[in-house]
Amino acid sequence: MTRIELQNLWQERMKDFEKSEQNGKEWCSTQGISLSQFRYWRRKLRLMPATPSTHSWMTMDFDRAQKQESLFVHLGVSRIEVHAGLDPDLLADVVRVLRTL
């Protein structure tokens, strides 16, 4: 499951929880979800911006024959140097934090 799919799944779960009129512990018990996982996602989704971002991700395909040492990403005044093999989730987390600064 991709990061976006997981986020969408938890957004739907939170909507179901709010409609249920149960407390978190009761809802998690009936859904078979751990309370700690529920709390994590509830906090995470609350901290996300309410309005859609004006930024969008762009998919880039590089020919494996063309080796580059690094890729530079400029986000406002921030500059990120990306090396081959970087975890995409880590990059997404870094960009998200930089946007809040």
Side-chain angles (χ1 to χ4, degrees):
M1 182 175 287
T2 68
R3 185 195 245 329
I4 299 298
E5 291 170 335
L6 188 58
Q7 181 180 323
N8 290 339
L9 171 67
W10 276 97
Q11 285 173 335
E12 289 301 314
R13 285 179 173 172
M14 290 302 152
K15 287 177 188 174
D16 290 342
F17 162 70
E18 289 169 10
K19 290 177 189 175
S20 75
E21 297 182 6
Q22 294 177 309
N23 66 38
K25 188 174 182 179
E26 293 168 342
W27 186 84
C28 288
S29 178
T30 61
Q31 299 297 315
I33 296 171
S34 75
L35 187 57
S36 62
Q37 191 176 33
F38 169 81
R39 288 178 177 156
Y40 167 83
W41 277 100
R42 188 164 189 196
R43 182 176 185 274
K44 183 177 179 96
L45 293 173
R46 282 183 177 169
L47 294 175
M48 292 179 68
T51 57
S53 173
T54 58
H55 302 286
S56 62
W57 289 100
M58 177 173 64
T59 303
M60 299 177 70
D61 294 318
F62 294 101
D63 183 349
R64 296 250 184 232
Q66 295 178 343
K67 298 276 184 180
Q68 293 184 344
E69 290 296 316
S70 57
L71 170 70
F72 294 94
V73 178
H74 298 270
L75 182 65
V77 296
S78 303
R79 180 177 160 170
I80 304 168
E81 184 175 355
V82 180
H83 295 275
L86 176 74
D87 178 11
D89 290 335
L90 174 61
L91 177 59
D93 290 341
V94 169
V95 169
R96 190 174 305 107
V97 168
L98 289 174
R99 287 194 329 216
T100 65
L101 301 177

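- Looking only at side-chain heavy atoms (C-beta outward), T30 and E26 stay at 4.5 Å or farther from each other.
- Heavy atoms from other residues, nucleotides or ligands lying under 6.0 Å from CZ of R43 number 12 at most.
- Across F38 and G24, no two heavy atoms sit closer than the pair CE2-CA, 3.9 Å.
- W41 CH2 to Q11 CD: the interatomic distance, rounded to the nearest 0.5 Å, is 8.5 Å.
- Between W27 and R13, some side-chain heavy-atom pair lies under the 4.5 Å cut-off.
- Ion pairing between K15 and E18 fails under the 4.0 Å rule for side-chain N and carboxylate O.
- Side chains of I33 and W10 form a contact here, defined as non-hydrogen atoms less than 4.5 Å apart.
- More than 12 heavy-atom neighbours from other residues, nucleotides or ligands sit within 6.0 angstrom of CD on E81.
- Put simply, CE on M14 and NZ on K44 are 12.0 Å apart, with the number rounded to the nearest 0.5 Å.
- With rounding to the nearest 0.5 angstrom, the CZ atom of F17 is 7.0 Å from the CG atom of N23.
- The minimum heavy-atom distance between C28 and S34, with the atom names listed, is SG-O, 4.0 Å.
- Once rounded to the nearest 0.5 Å, the distance linking CZ of R39 with NZ of K25 reads 9.0 Å.
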